[in-house]
Asker: 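Mind looking over this structure? Questions follow.
Sequential numbering from 1 along the given sequence is applied to the chain's residues. Just so it is clear, the structure is predicted and the values come from calculations on it, not from any experiment.
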Amino acid sequence: MTMSAGWYLRRLSRMGPQEVAGRVGDAVRRRRWRSARPDSPRVTGARFTAVLPAGTLDAVPPDAAKRLVAEADRLMDGHAEFFGVVRDDLADPDWWYDPKTGRRAPSGYAFDVPYRSEDAVGDIKQIWEPSRHQYLTQLAAAYAITGDERYAERVAGHLRSWWAANPPLRGVHWISGIELGIRVLSWVWIRRLLDGWPGVAALFEDNPVALNQIWHHQRWLAAFPSRGSSANNHVIAEAAGQFAAACAFNWFPSSARWRDDALRSLDRHLRGNTYLSGLNRELATEYHGLVLELGLAAVAEADAAGVAVPVSVRLVLLRMTDALAAVVDNRLRPPRQGDADDGYGLVVDGAGTDRWGSLLATGDAVFGRLAWWPAVTGTDVRTPLLAALIKPTEPSVRRPADRPAHFADAGMTILRGPEEIWCRCDGGPHGFLSIAAHAHADALSVEVRHDGVDVLADPGTYCYHGQPEWRRYFRSTLGHNTLQLDGGDQSVSGGPFLWTRHAESRVLTVDASGGDVTRWCAEHDGYEGSVHRRRVELTAASRELRVVDEVRGTRRAVRLAFHLGPAIAADLVGNRAVLTWTRDGEDRSAVLDLPGQLSWRAHRGETDPPLGWYSSGFGRREPATTLVGTGFADGAEGFTTVLGFRG
C-alpha cells in the first residue's frame with residue numbers, strides 16, 4: 001500500500017503547527033544524516049550492573065518454566081509463528097525476508113525504503129517482528145533457568161548476525177521508532193538474562209559492534225520521537241526503550257541526558273495516553289496491554305538502576321492495572337475493542353501463558369490486589385522477574401472499593417449477569433488524537449460473551465498494510481455489532497490509520513449497580529441528519545439481553561449487523577436464530593430474536609465484499625456467521641433485538 005498525494009494532504013490537515021514544524025525538522029535531520037553517520041564514542045571499562053537479584057529465578061513456577069523451555073526448544077529447531085505464518089527458518093534467519101509474500105526488502109538508506117508498499121517490500125510486519133528480538137529474550141530466559149549454554153550461544157549468534165546485516169540507518173529496521181524502542185528493551189533483558197554466561201561481556205560491553213548499535217539506537221530515538229497526532233503507543237515504546245537502555249547501558253556521554261529526556265517523555269505520554277479511569281485513550285484493548293507492559297518494564301529498569309521516577313508514572317500504571325481487572329470477563333479476557341496487532345512489550349514466556357493473567361499477577365505483586373479482583377490461577381515467568389526489580393510501593397490514592405462497571409471518560413460500560421454473562425457497551429470517543437489511528441467505526445456496538453465464549457463478537461483487526469479491502473472491512477461500521485445507515489460508516493476514513501471525521505457519542509443513562517436489571521443508553525451523531533440511539537437492558541432473572549435501536553431523523557436505509565463468534569452455530573429461520581456451542585464439553589444454547597421489520601440473512605466467509613469473518617489475532621482470520629438485517633428506518637418505531645440464554 002502506497003500513500004497518494006490526497007492522503008498526504010488529509011494527513012497534513014490533522015496536524016497542528018507545532019507538529020508540522022517538528023516534522024519539517026525531522027525531514028531536515030534525515031537528509032543531513034544520509035551523509036553523516038558517526039561511529040559511537042569510544043567506551044572503555046563498561047560494566048553491566050542491572051542484574052537480577054540473587055534467588056529471583058527460584059521464584060519461577062515450574063510449570064511456567066516448562067512452557068518456556070518447550071518454546072525455546074521449538075525456536076532452537078528454527079520453528080516459530082508470526083501473525084499466522086508458520087516459519088521454519090529461524091535457525092538462521094534472513095532479516096529482510098518476508099515468507100508470506102516471498103519478497104525481500106530493498107537495501108539503502110532507511111528513510112528511502114517504501115515500507116508501506118507490499119509490492120516493493122513485502123509484508124513489513126512479517127519482516128519487523130522477528131527483529132524485535134523477543135524470541136531471543138525467550139531463549140535468554142531459557143538459558144537463565146536451565147543454564148544450558150546452547151540457548152545463550154544461539155542468542156549470541158543471532159545478535160551478531162543481525163548487527164552485521166543491519167548497520168545503522170541502512171534498511172527497513174531503521175525506519176520505525178517503536179521497532180527500535182522494543183528491540184533495545186529486548187537487548188537490555190537479553191544482557192540481564194545471560195549474565196551467568198561466560199561469553200556475555202564479549203557479546204555486549206566488550207563488543208565495539210554492539211556498543212555502536214546500542215548508541216545508534218538511542219541516538220535515533222532521541223532524534224525522531226513520534227509527534228503530535230502520532231504520539232500514541234509508539235511514543236511510549238520509544239521512551240520506554242530509550243529509558244531502559246540509558247539506565248542499563250549507561251556507558252555513553254549522552255546516557256544521562258537520554259535517560260532524563262526519555263523519563264520526562266514517558267511520564268508525560270503515559271498520563272496523556274491514559275484516562276483518569278485507567279483505560280487507554282486509544283480505546284484499543286491490546287494497546288492498553290502493550291503500554292502497561294512497557295511502563296512496568298521501564299519502572300523495573302529505574303528501580304534496578306536506583307533512578308527516581310515521578311509518582312505519576314506508578315499511579316498511571318496502578319490505575320491501568322485496576323481498570324484491566326475491572327473489565328475482564330470470568331476467563332480473564334478483556335474487551336476486543338479497536339485495533340490489535342499482537343504487540344508485546346517484554347516476552348519471556350512460552351506459548352500458552354495468558355497475557356492478561358500475567359499482567360494481573362504482576363499488578364498483584366507490585367501494587368497489591370483488591371478484594372474484587374478476579375482470581376488469577378495461571379502462572380508465568382515474567383511476573384517474578386519484574387517483581388524482583390520493581391520496589392513495591394504503598395499507593396497514595398484511593399482505589400475502587402467495588403468493581404467498576406462504567407468508565408465515563410472512556411464511554412465503556414460492562415454489564416454482568418448470571419451464568420457468566422458479560423456485555424460491553426461502547427458509547428465512548430471515536431479514538432485518540434486527531435487521526436484516531438487505531439479506532440474502528442464502532443459507535444454503540446455491543447460485545448456479548450457467555451462464560452468467556454464470544455456470542456456477539458467484535459470481529460477484530462486482521463491486518464494493517466497490504467490488503468486495503470480487508471483493512472476497511474474490519475474497521476467498518478458493518479464489521480461491528482451496530483447499525484449502519486445508507487451503506488456508510490459512522491466516521492469517515494482518510495486512510496488505513498487516519499479518520500477525517502469522528503462520530504461523537506454520548507452516554508445518556510447507565511445503571512450497572514448489580515440489580516436484577518442493568519441498563520445502558522447512548523447515542524451518536526455520525527450520520528448527518530440522523531441520530532442513532534441504542535438502549536441495552538440485561539435482566540438477570542430471565543438471562544435476557546434486550547437491545548433497542550432508534551433512528552431519529554429522515555428515512556434512511558438500514559443494515560443492522562450481529563457478528564457471532566467462531567464457536568457459535570446459527571440456525572436462522574425468518575427473524576429468529578437459534579445459537580448453539582460447546583464449552584468445556586457441555587452443550588450451550590441461546591435464542592436471538594431479531595427485529596421483524598428487517599429482512600434477515602446469514603453471511604459466512606464471503607470475500608467479495610468481505611463479510612462474515614472473525615480475526616483471533618493479527619494476520620489470522622476464519623469464517624464466522626454474521627446476521628444482517630436490511631430495511632428502512634423512518635423514526636416511527638425502534639428495532640428490538642432480544643438475546644435469551646437457555647438453561
Side-chain angles (χ1 to χ4, degrees), residues 275 277 279 281-285 335-339 406-415 423-448 456 458-459 472 474-494 498-512 519-537 546-563 595 598 628-629 631-635 637-641:
Y275 287 113
S277 66
L279 290 180
R281 284 182 181 268
E282 291 194 80
L283 297 174
T285 307
R336 285 167 52 88
Q337 183 179 21
D339 271 349
H406 177 56
F407 298 82
D409 48 10
M412 182 188 293
T413 303
I414 306 294
L415 305 181
C423 173
R424 173 180 65 87
C425 303
D426 180 5
H430 174 62
F432 183 48
L433 301 174
S434 61
I435 63 173
H438 291 299
H440 291 186
D442 58 355
L444 309 196
S445 63
V446 295
E447 184 183 3
V448 181
L456 302 182
D458 183 300
R472 284 192 295 268
F474 277 98
R475 304 167 83 214
S476 70
T477 297
L478 184 62
H480 294 84
N481 297 317
T482 189
L483 183 144
Q484 183 194 60
L485 296 183
D486 293 343
D489 286 336
Q490 310 149 334
S491 296
V492 177
S493 173
L498 171 64
W499 297 90
T500 57
R501 185 171 63 80
H502 303 179
E504 293 189 10
S505 302
R506 62 177 185 139
V507 176
L508 303 175
T509 58
V510 173
D511 179 5
R519 300 179 177 87
W520 171 87
C521 179
E523 64 184 20
H524 77 83
D525 66 354
Y527 299 111
E528 294 183 6
S530 297
V531 172
H532 173 207
R533 177 174 292 182
R534 169 170 277 186
R535 301 194 309 273
V536 178
E537 292 184 355
R546 180 178 295 266
V547 180
V548 179
D549 291 292
E550 299 175 4
V551 178
R552 303 186 176 193
T554 58
R555 179 179 171 86
R556 310 289 288 266
V558 165
R559 283 199 290 186
L560 179 60
F562 290 106
H563 299 262
L598 303 177
V628 178
F632 291 89
D634 56 14
E637 58 182 329
F639 303 104
T640 299
T641 303

Asker: Is T482 close to Q490 at the side-chain level, that is, under 4.5 Å between some pair of heavy atoms?
Answerer: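 They are in contact (side-chain heavy atoms under 4.5 Å apart), so the answer is yes.
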Asker: Is there any salt bridge (charged side-chain N to carboxylate O under 4.0 Å, His left out) pair reaching into residues 484-493, and which pairs are they, with sequence neighbours excluded?
Answerer: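 Every salt bridge (charged side-chain N to carboxylate O under 4.0 Å, His left out) pair that includes a residue of residues 484-493, provided the two are not neighbours, is D486-R556.
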Asker: Using the salt bridge (Lys or Arg N to Asp or Glu O under 4.0 Å) criterion, which residues pair with E447? Sequence neighbours excluded.
Answerer: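 E447: salt bridge (Lys or Arg N to Asp or Glu O under 4.0 Å) contacts with R424, R449.
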Asker: Contact between F632 and V551 at the side-chain level, heavy atoms closer than 4.5 Å - yes or no?
Answerer: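 Of all side-chain heavy-atom pairs linking V551 with F632, none is under 4.5 Å.
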Asker: Between H440 and H480, does the ring centre distance come in under 6.0 Å?
Answerer: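 Yes - the distance between ring centres of H440 and H480 falls below the 6.0 Å cut-off.
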Asker: State, with a plain yes or no, whether a side-chain heavy atom of L483 is found less than 4.5 Å away from one of L444.
Answerer: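 When only atoms from C-beta onward are counted, L444 and L483 do not touch, as no gap falls below 4.5 Å.
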Asker: Can you name the residues that form a side chain to side chain contact (heavy atoms under 4.5 Å, CB included) with A436, not counting sequence neighbours?
Answerer: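 Partners of A436 by the side chain to side chain contact (heavy atoms under 4.5 Å, CB included) criterion, ordered by chain and then number, come out as H430, A439, W499, H502.
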Asker: Is the shortest distance from a Lys or Arg side-chain nitrogen in R535 or E550 to a carboxylate oxygen in the other one below 4.0 Å?
Answerer: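 A salt bridge is present here (some side-chain N lies under 4.0 Å from a carboxylate O).
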Asker: Name all residues meeting the side chain to side chain contact (heavy atoms under 4.5 Å, CB included) criterion together with A410; count only those two or more places apart in sequence or in a different chain, and write none if there are none.
Answerer: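 Applying side chain to side chain contact (heavy atoms under 4.5 Å, CB included) to A410 gives Y275, L279, L283, F407.
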Asker: Are the side chains of L498 and S493 in touch, meaning some heavy atoms are under 4.5 Å apart?
Answerer: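 No - every pair of side-chain heavy atoms lies 4.5 Å or more apart.
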Asker: Would you say that R546 contacts T640 through its side chain, given a criterion of any heavy-atom pair below 4.5 Å between the two side chains?
Answerer: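 Yes, close enough: below the 4.5 Å cut-off.
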Asker: Hey, are D409 and S277 close enough side-chain-wise for a donor-acceptor pair under 3.5 Å?
Answerer: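 The criterion, which ignores hydrogens and geometry beyond distance, is satisfied for D409 and S277.
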Asker: Could you tell me which residues satisfy ring pair (Phe, Tyr, Trp, His ring centres under 6.0 Å) with H524, sequence neighbours excluded, listed by chain and number?
Answerer: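 Ring pair (Phe, Tyr, Trp, His ring centres under 6.0 Å) check on H524 returns Y527, H532.
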Asker: Can you confirm whether R506 is buried at CZ, in the sense that more than 12 heavy atoms of other residues, nucleotides or ligands lie under 6.0 Å from that atom?
Answerer: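 No, CZ of R506 has 12 or fewer neighbouring heavy atoms, counting only those of other groups under 6.0 Å.
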Asker: Side-chain contact, heavy-atom cut-off 4.5 Å: W520 with R534?
Answerer: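 SC-SC contact between W520 and R534 confirmed.
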Asker: Of all residues at least two apart in sequence or in a different chain, which pass the side-chain hydrogen bond (donor to acceptor under 3.5 Å, both in side chains) check with Q484?
Answerer: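 Here the qualifying residues are R559.
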Asker: Side-chain contact, heavy-atom cut-off 4.5 Å: L560 with L598?
Answerer: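 Yes, at least one pair of side-chain atoms sits under 4.5 Å.
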